[in-house]
Colleague: 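Got a structure here, written out as structure tokens. Questions coming.
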Amino acid sequence: MNKKPLKNIIDAMSKYPFNEIEKKWQKYWEENKTYKVTEDPSFPKDKRRYVLDMFPYPSGAGLHVGHPEGYTATDIYSRYLTMNGYNVLHPMGFDAFGLPAENYAIKTGTHPYTTTKKNIENFRRQLKSLGFSYDWDREISTCDEEYYHWTQWIFEKLYEKGLAYEANTPINWCPSCKTGLANEEVKEGRCERCGEKVEKKNIRQWILKITAYADRLLEDLDSLDWPESVKAMQRNWIGRSEGASVTFKIDGLDESLEVYTTRCDTLFGATYMVIAPEHRLVKELTTAEQKDAVEKYIEETKHKSDLERTDLAKDKTGVFSGSYAINPVNGKKIPIWIADYVLISYGTGAIMAVPAHDDRDWEFAKKFGLPIIEVLKSEVDVQTQAWTEDGIHVNSSWLDGLNKKDAIAKMLEWLEKNGCGHKAVNYKLRDWVFSRQRYWGEPIPLVHCPECGTVLVPEDELPLTLPEVEKYEPSGTGESPLVNVPSWVNCECPKCHGPAKRETNTMPQWAGSCWYYLRFIDPHNHDAFVDPEKEKYWMPVSLYVGGTEHAVLHLLYSRFWHNVLYDLGLVSTKEPFQKLVNQGMITSFAYQKKNKSLVPVDKVKEVEPGKFIEEDTGEEVNQVIAKMSKSLKNVINPDDFIKNYGADSVRMYEMFMGPLTESKPWATNGFMGVYRFLDRIWRIISERKIEDIEPSKDIDRLTHKTVKKVTEDTETLNFNTAISQMMVLVNEINKLEVVPKKTLETLALLLSPYTPHLAEEMWEMLGHNPSISKEKWPTYDASKCVDDEVEIVIQINGKLRSKIMMSHNCDKETLLSAAKNDEKAKTWLEGKTIVKEIVVPNKLVNIVVK
RNA sequence: GCCCAGGUGGUGGAAUGGUAGACACAAAGGACUUAAAAUCCUUUGGCCUUUUGGCCGUACGAGUUCGAGUCUCGUUCUGGGCACCA
């Protein structure tokens with residue numbers, strides 16, 4: 001990709017001493033606690049901001065280029081706010097429980113805490129080397145006892161509120177991670193961490209009743225300034241649906257079958273029913289003749305993985321139970337089938353099947369020869385395909401002639417009057433499987449007592465700390481390694497003081513991140529998870545920046561916990577994160593052959609602009625954008641760039657690449673452009689003649705324009721265009737023999753959120769005391785942003801034909817007559833009749849002719 | 001299948017309904033240099049034209065408008081999410 005090795009370019013380039021400058025100012029900031037923030041009461045509420053990053057998991061690989069992207073964005077914004085007179089809370093910490101450290105412990109025997117500590121130190125070093133304005137005194141780690149003390153405490157609040165329950169239900173199980181998973185952690189039937197196929201397993205679990213908050217989690221989304229896509233994902237995930245619950249009597253049995261349907265209007269078309277293989281009535285409904293067939297089928301479905309069961313492409317399977325239900329609207333007997341296309345976990349695990357108007361039911365009916373009755377006038381033959389659109393009801397007795405909406409209303413009324421159904425709401429959202437059968441997580445603070453049942457560990461005994469273990473290996477039987485520590489497991493019941501056993505499951509990684517934003521507010525409080533006054537001082541988070549991968553995980557879980565804390569009166573805001581911004585992914589270039597296979601970057605040569613060939617074969621390859629991966633040799637390590645070009649260049653480039661929210665490829669050549677820009681500034685400040693003179697009118701005007709643009713764009717997080725405006729200004733300054741000091745001061749201030757080290761150095765060189773981060777943001781005079789003369793575009797019939805220079809704020813008549821007298825315009829107007837004239841002051845004249 | 005984004009030069013990307021391509025990269029040419037690097041200057045959407053200039057051009061096709069990259073409708077492609085949710 002690069003013809004010349006990068007290293008040679010650097011060595012030869014005139015280089016600004018970023019290394020010394022950056023070290024010098026990082027040391028200064030640290031020693032002077034420049035970014036320490038307190039709950040200073042002199043700032044009124046509207047002059048306080050809480051700017052938060054999604055804290056990282058401290059992996060062994062260190063920072064990825066994606067981290068500095070979001071972190072620089074919030075850092076710029078925080079610094080900008082501070083300079084504009086806000087008190088800004090901008091903290092950083094570590095999401096430190098998690099599987100990699102534990103898996104490493106299994107392999108090497110190293111305690112996960114040791115590994116994690118080491119990784120945190122590396123992360124902290126890297127973060128500090130980027131010059132972020134975090135208040136490091138507030139740093140937290142979720143795996144510290146001091147911290148998880150309060151994670152456990154919040155769990156106890158949830159438990160006391162009845163939102164945590166123990167259940168022995170089939171849950172998602174990852175055979176490779178050897179632990180249960182939450183629904184949110186399963187992507188396309190696979191474990192979101194390791195990609196292994198997820199199985200169903202029946203094990204004892206602690207579950208949090210997130211479904212109790214489904215409606216609130218849905219409704220409150222409207223009040224949030226979040227990307228629509230994330231809101232849409234959460235809405236879809238919660239999946240609220242309105243319909244009806246209908247009860248079917250069973251022929252010859254004193255039992256009934258309840259179903260959930262969104263289409264109760266099609267009840268006259270229900271020709272059979274289906275229950276899930278796990279339905280509680282399976283045994284009872286199976287007749288003697290069908291017993292063998294049913295048992296065989298149930299056995300088969302048990303062995304199917306989730307992925308196999310939900311694979312849409314696969315054929316429908318099922319078996320007749322032998323029993324019949326009575327359709328409440330017409331008294332007809334309809335057969336009850338057992339099939340795994342009905343899920344036990346949604347609705348009642350049973351459905352009424354209307355094959356004429358539902359694709360899945362239609363497919364099943366066709367396969368098993370069940371009747372298909374049209375009940376909505378269809379534009380297709382329902383014997384050959386299902387009609388799922390709206391229509392006028394037919395074959396539906398007293399619903400005939402009504403459309404879908406009216407028929408649903410009328411049917412609901414009928415069902416309620418006749419006591420066989422009612423309006424109902426269902427959600428796709430499932431309760432949160434909260435226990436993990438692993439070591440490296442918060443112990444769930446519960447004790448199982450044979451006398452008293454489940455008992456909470458008393459608050460004054462928290463934190464319940466993780467014991468040392470000999471082996472970190474999960475048992476794989478559905479129990480955590482903690483079961484192997486009898487001295488820890490065997491305990492005294494806090495209630496009756498008899499012998500009891502501790503809960504051995506641990507919490508999922510999401511627990512710690514559910515509330516960390518609250519702990520940053522008061523990280524060293526020994527008596528409470530957060531001081532209420534401080535909480536009121538800072539909350540809610542004004543800006544939260546992070547990747548989109550947590551849309552239905554962390555962001556849903558923490559909203560849930562926050563809602564509960566709000567109900568308990570422990571926090572003052574309904575929602576934790578007022579404004580959310582998703583940074584785009586930083587991708588990389590890769591090269592694709594005709595057969596769509598990708599070629600590693602180091603095997604590709606650019607033969608002419610935009611034309612690439614694979615070196616070995618000479619085959620032409622296309623430049624495409626791909627995720628960074630080791631095999632493609634296109635992974636960018638931010639440490640290398642910080643070392644070779646400085647943190648300011650990395651910060652500036654990541655912001656210059658494109659809009660924060662878009663995904664965009666790393667281009668090292670583009671990076672060099674930004675480096676050159678900073679180098680140019682350095683040469684101006686260190687080599688050019690700088691004098692305390694008034695800037696020329698042109699430079700003054702450009703400076704005001706630049707302040708305006710950088711202010712507006714920083715405010716709205718459009719950092720890329722703010723930077724290009726600064727480049728425009730620097731390019732002009734670079735042409736000057738003598739540079740006015742005033743102009744450079746303004747430039748330093750504008751730069752300071754973006755390239756804080758270079759800006760501090762400039763500020764000092766211009767004769768000021770540090771720190772520039774405490775200075776006031778520059779202001780601009782709108783009247784000084786306008787040019788004396790503006791270019792007026794002359795259009796004839798909307799087509800650009802000429803341009804003229806006119807003085808600013810010319811009146812319409814002057815503009816029009818000037819346009820008409822323009823030589824070029826005249827040739828286009830000759831012999832034509834003017835139909836219409838449009839004049840936009842300071843912009844254009846459009847003359848419509850015939 | 002459903003729900004969200006999005007499609008602009010060789011590349012990353014700019015454009016309150018008003019000059020499409022700011023800024024940057026890459027490329028070509030030049031200055032400086034013994035030479036190279038760095039730096040500085042010039043050119044750079046396509047086609048036609050000696051110049052002047054003209055025509056075309058923001059995925060495709062319509063529409064609204066004096067004027068559309070931008071608004072509306074349809075099509076198509078790409079990315080992300082969900083998916084037998086009754």
Side-chain angles (χ1 to χ4, degrees), chain A residues 2-4 8-15 187-189 227-233 235-237 239 241 243 259-263 266 274 309-312 314 316 339-343 345-348 350-354 358-361 363-364 388 426-430 548-549 551-552 585 589 606 608-611 623 625 653 656-659 661-674 676-677 679-680 683 718 720-721 723-728 731 734-735 791-800 802-803 824 835-838 840 843-849:
Chain A
N2 301 294
K3 283 181 183 166
K4 307 145 206 154
N8 297 355
I9 304 179
I10 321 152
D11 290 348
M13 263 177 143
S14 105
K15 83 170 123 174
K187 303 273 171 219
E188 291 173 0
E228 273 312 312
S229 59
V230 176
K231 288 201 209 178
M233 270 192 250
R235 283 192 193 106
N236 287 340
W237 192 260
S241 114
V259 302
Y260 173 74
T261 178
T262 53
R263 294 298 304 275
T266 61
V274 186
R309 246 183 95 160
T310 58
D311 186 1
L312 276 168
K314 91 169 175 41
K316 295 264 181 297
D340 64 3
Y341 84 92
V342 170
L343 309 173
S345 49
Y346 186 75
T348 59
I351 62 155
M352 62 179 221
V354 184
D358 182 281
D359 290 320
R360 298 150 300 179
D361 296 347
E363 205 187 306
F364 191 82
T388 55
N426 249 303
Y427 300 90
K428 287 189 205 172
L429 183 70
R430 306 288 141 79
T548 186
E549 67 272 16
V552 287
M585 200 195 318
F589 287 114
E606 185 167 10
E608 52 185 89
K611 191 175 169 180
Q623 190 178 54
I625 288 166
Y653 175 61
F656 183 64
M657 290 170 84
T661 52
E662 300 291 301
S663 112
K664 50 221 170 269
W666 179 281
T668 299
N669 281 327
F671 177 92
M672 294 315 296
V674 168
R676 271 201 285 272
F677 169 58
D679 185 57
R680 181 175 299 165
R683 278 183 284 110
N718 293 115
N720 55 330
T721 45
I723 294 167
S724 63
Q725 182 63 39
M726 290 191 261
M727 287 173 168
V728 172
N731 288 344
N734 200 33
K735 291 175 187 160
E791 195 179 52
I792 302 294
V793 166
I794 302 173
Q795 294 183 339
I796 311 293
N797 287 346
K799 274 191 180 287
L800 169 68
S802 184
K803 296 170 187 175
K824 281 183 210 154
V835 183
K836 198 167 179 179
E837 291 155 341
I838 293 115
V840 183
K843 272 265 159 63
L844 62 74
V845 177
N846 186 14
I847 301 169
V848 185
V849 296

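Order of the sequence lines fixes the chain letters, A, B, ..., with proteins taken first and strands second; residue numbering starts at 1 for each chain.
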Colleague: With respect to the side chain of A/Lys824, which nucleotide from B/G13, B/C3, B/G53 is positioned closest?
Modeller: B/G53

Colleague: What is the glycosidic conformation of B/G9: syn, defined as within 90° of 0, or anti?
Modeller: syn

Colleague: Taking the side chain of A/Tyr341 as its heavy atoms from C-beta onward, which of B/G53, B/U39, B/C84 lies nearest to it?
Modeller: B/C84

Colleague: Could you state the atom-to-atom distance from CE of A/Met657 to P of B/C23 in whole Å?
Modeller: 20 Å

Colleague: Starting from P on B/U16, measure out to NZ on A/Lys843 and report it in whole angstrom.
Modeller: 9 Å

Colleague: Can you tell which of B/U19, B/C40, B/C66 lies closest to the side chain of A/Leu800?
Modeller: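 So the nucleotide nearest the side chain must be B/U19.
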
Colleague: Could you tell me whether the side chain of A/Lys428 has a donor or acceptor atom within less than 3.5 Å of a complementary atom in the base of B/C82?
Modeller: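 Donor-acceptor pair under 3.5 Å: no.
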
Colleague: Please find the pair of heavy atoms, one from A/Val342 and one from A/Ala350, that lie closest to each other, and give the distance.
Modeller: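 Looks like CG1-N, 4.1 Å.
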
Colleague: Apply the side chain to side chain contact (heavy atoms under 4.5 Å, CB included) test between A/Ile847 and each candidate in A/Val835, A/Ile838, A/Ile796; give the one that qualifies.
Modeller: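 Per the side chain to side chain contact (heavy atoms under 4.5 Å, CB included) rule, the option paired with A/Ile847 is A/Ile796, out of A/Val835, A/Ile838, A/Ile796.
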
Colleague: Any strand counts, and the cut-off is 3.5 Å on both contacts for Watson-Crick or G-U wobble. Which nucleotide pairs with B/C2?
Modeller: B/G81

Colleague: What's A/Ser345 touching, base or sugar-phosphate or nothing? Going by heavy atoms closer than 4.0 Å.
Modeller: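 Nothing: the residue A/Ser345, judged by heavy atoms under 4.0 Å, touches no strand.
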
Colleague: What is the distance, rounded to the nearest whole Å, between atom CG of A/Asp679 and atom P of B/C25?
Modeller: 12 Å

Colleague: What distance, rounded to whole Å, do you find between the two P atoms, one in B/U75 and one in B/U11?
Modeller: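 Approximately 29 Å lies between the P atom of B/U75 and that of B/U11.
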
Colleague: Whole Å only: how far is the CD atom of A/Glu791 from the P atom of B/G18?
Modeller: 16 Å

Colleague: Between B/G61 and B/U76, how many Å separate the two P atoms, rounded to a whole number?
Modeller: 15 Å

Colleague: Under 4.0 Å between a side-chain N or O of A/Arg676 and OP1 or OP2 of B/C40?
Modeller: no

Colleague: Could you grab the distance from atom OH of A/Tyr653 to atom CE of A/Met672, nearest 0.5 Å is fine?
Modeller: 11.5 Å

Colleague: Looking only at side-chain atoms of A/Val840, point me to the closest of B/A22, B/U11, B/G18.
Modeller: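 Selected nucleotide: B/G18.
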
Colleague: Figure out the CG/P separation between A/Leu844 and B/C66, and round it to whole Å.
Modeller: 14 Å

Colleague: Looking at every heavy atom in both A/Lys664 and A/Glu662, which two are closest together, and how far apart are they?
Modeller: NZ-O, 2.7 Å

Colleague: Of the candidate nucleotides B/A83, B/A86, B/G13, which contains the atom at the shortest distance from the side chain of A/Trp237?
Modeller: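 Ranking B/A83, B/A86, B/G13 by closest atom to the A/Trp237 side chain puts B/A83 first.
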
Colleague: In Watson-Crick or G-U wobble terms, both distances under 3.5 Å, what is the partner of B/A36?
Modeller: none

Colleague: Expressed in whole Å, how much space separates the C1' atoms belonging to B/A86 and B/G79?
Modeller: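 The answer is 30 Å between these two C1' atoms.
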
Colleague: Taking donor-acceptor contacts at under 3.5 Å, does the side chain of A/Asn846 reach the base of B/C66?
Modeller: yes

Colleague: A/Asp361: what forms a side chain to side chain donor-acceptor pair (under 3.5 Å) with it, not counting sequence neighbours?
Modeller: A/Tyr341

Colleague: Quick one: which of B/A14, B/A86, B/C3 gets closest to the side chain of A/Thr721?
Modeller: B/A14

Colleague: Looking across every strand, which nucleic acid part, if any, lies under 4.0 Å from A/Arg235 by heavy atom: base, sugar-phosphate, or nothing?
Modeller: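 No contact.
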
Colleague: I want to verify a distance call: between B/C25, B/U39, B/G12, whose nearest atom is closest to the A/Asn669 side chain?
Modeller: B/C25

Colleague: For A/Met672 and B/C25, what is the distance between atoms CE and P respectively, to the nearest whole Å?
Modeller: 10 Å

Colleague: Distance between the P atoms of B/C4 and B/G12, in whole angstroms?
Modeller: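 Nearest-Å result for B/C4 against B/G12 at atom P: 27 Å.
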
Colleague: Taking the P atom of each, how far is B/G45 from B/U51, in whole Å?
Modeller: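 It comes out at 16 Å once rounded to the nearest Å.
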
Colleague: Looking at the side chain of A/Asp340, which of B/C84, B/C66, B/A86 is the nearest nucleotide?
Modeller: B/C84

Colleague: Take atom CD1 of A/Ile625 and atom P of B/C77, then tell me their distance rounded to the nearest Å.
Modeller: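 Answer to the nearest Å: 20 Å.
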
Colleague: For the P atoms, the ones on B/A59 and on B/G6, what distance do you get once it is rounded to whole angstrom?
Modeller: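 Result for the P pair: 13 Å, nearest Å.
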
Colleague: By nearest heavy atom, map A/Val793 and A/Val230 onto RNA chain B; which one lands nearer the 5' end?
Modeller: A/Val230

Colleague: Reckon A/Lys231 touches a base, only the sugar-phosphate, or nothing at all at heavy-atom distances under 4.0 Å?
Modeller: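 Since no nucleic acid heavy atom lies under 4.0 Å of A/Lys231, the category is nothing.
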
Colleague: It should be established whether A/Asn731 places a side-chain nitrogen or oxygen under 4.0 Å from OP1 or OP2 of nucleotide B/A24.
Modeller: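 Yes.
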
Colleague: Quick check for you: to the nearest 0.5 Å, what is the distance between A/Thr388 atom OG1 and A/Arg263 atom CZ?
Modeller: 8.5 Å

Colleague: On a whole-Å scale, what distance lies between the C1' atoms belonging to B/G57 and B/C47?
Modeller: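 Result for the C1' pair: 10 Å, nearest Å.
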
Colleague: Under 4.0 Å between a side-chain N or O of A/Lys799 and OP1 or OP2 of B/U19?
Modeller: no

Colleague: Taking the nucleotide of RNA chain B with the closest heavy atom to each, which residue, A/Pro659 or A/Thr348, is nearer the 5' end?
Modeller: A/Pro659

Colleague: Search all heavy atoms of A/Val259 against all heavy atoms of A/Met352 and return the closest pair with its distance.
Modeller: CG1-N, 3.8 Å

Colleague: Report which part of the nucleic acid A/Ser724 touches: base, sugar-phosphate, or nothing (heavy-atom distance under 4.0 Å, all strands).
Modeller: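 Base, at least one base atom sits under 4.0 Å.
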
Colleague: Quick one: label A/Ser241 by what it contacts on the DNA or RNA (base, sugar-phosphate, nothing), any heavy atom closer than 4.0 Å.
Modeller: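 Counting heavy atoms under 4.0 Å across all strands, the contact made by A/Ser241 is with sugar-phosphate only.
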
Colleague: Would you check if the side chain of A/Asn797 reaches a backbone N or O of A/Val849 as a donor-acceptor pair within less than 3.5 Å?
Modeller: yes

Colleague: Please state the C1' separation for the pair B/U65 and B/C77 - nearest whole angstrom.
Modeller: 29 Å

Colleague: Over how many whole Å does the gap from A/Tyr653 atom OH to B/G13 atom P extend?
Modeller: 9 Å

Colleague: If you look at every strand shown and take non-hydrogen atoms under 4.0 Å, does A/Phe364 touch a base, only sugar-phosphate, or nothing?
Modeller: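 The answer is nothing, as A/Phe364 stays clear of every strand by at least 4.0 Å.
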
Colleague: Can you list everything that forms a side-chain contact (heavy atoms from CB on, under 4.5 Å) with A/Pro227? Sequence neighbours excluded, please.
Modeller: A/Ser229, A/Val230, A/Leu580, A/Asn582

Colleague: Within the pair A/Asn720 and B/A14, is there a side-chain N or O less than 4.0 Å away from OP1 or OP2?
Modeller: yes

Colleague: Among the nucleotides B/A14, B/C41, B/C3, which one has an atom lying closest to any side-chain atom of A/Asn236?
Modeller: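 Looking only at heavy atoms from C-beta outward on A/Asn236, the closest nucleotide is B/C3.
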
Colleague: Identify which nucleotide among B/A86, B/G12, B/G18 has an atom closest to any side-chain atom of A/Phe589, counting heavy atoms from C-beta outward.
Modeller: B/G12

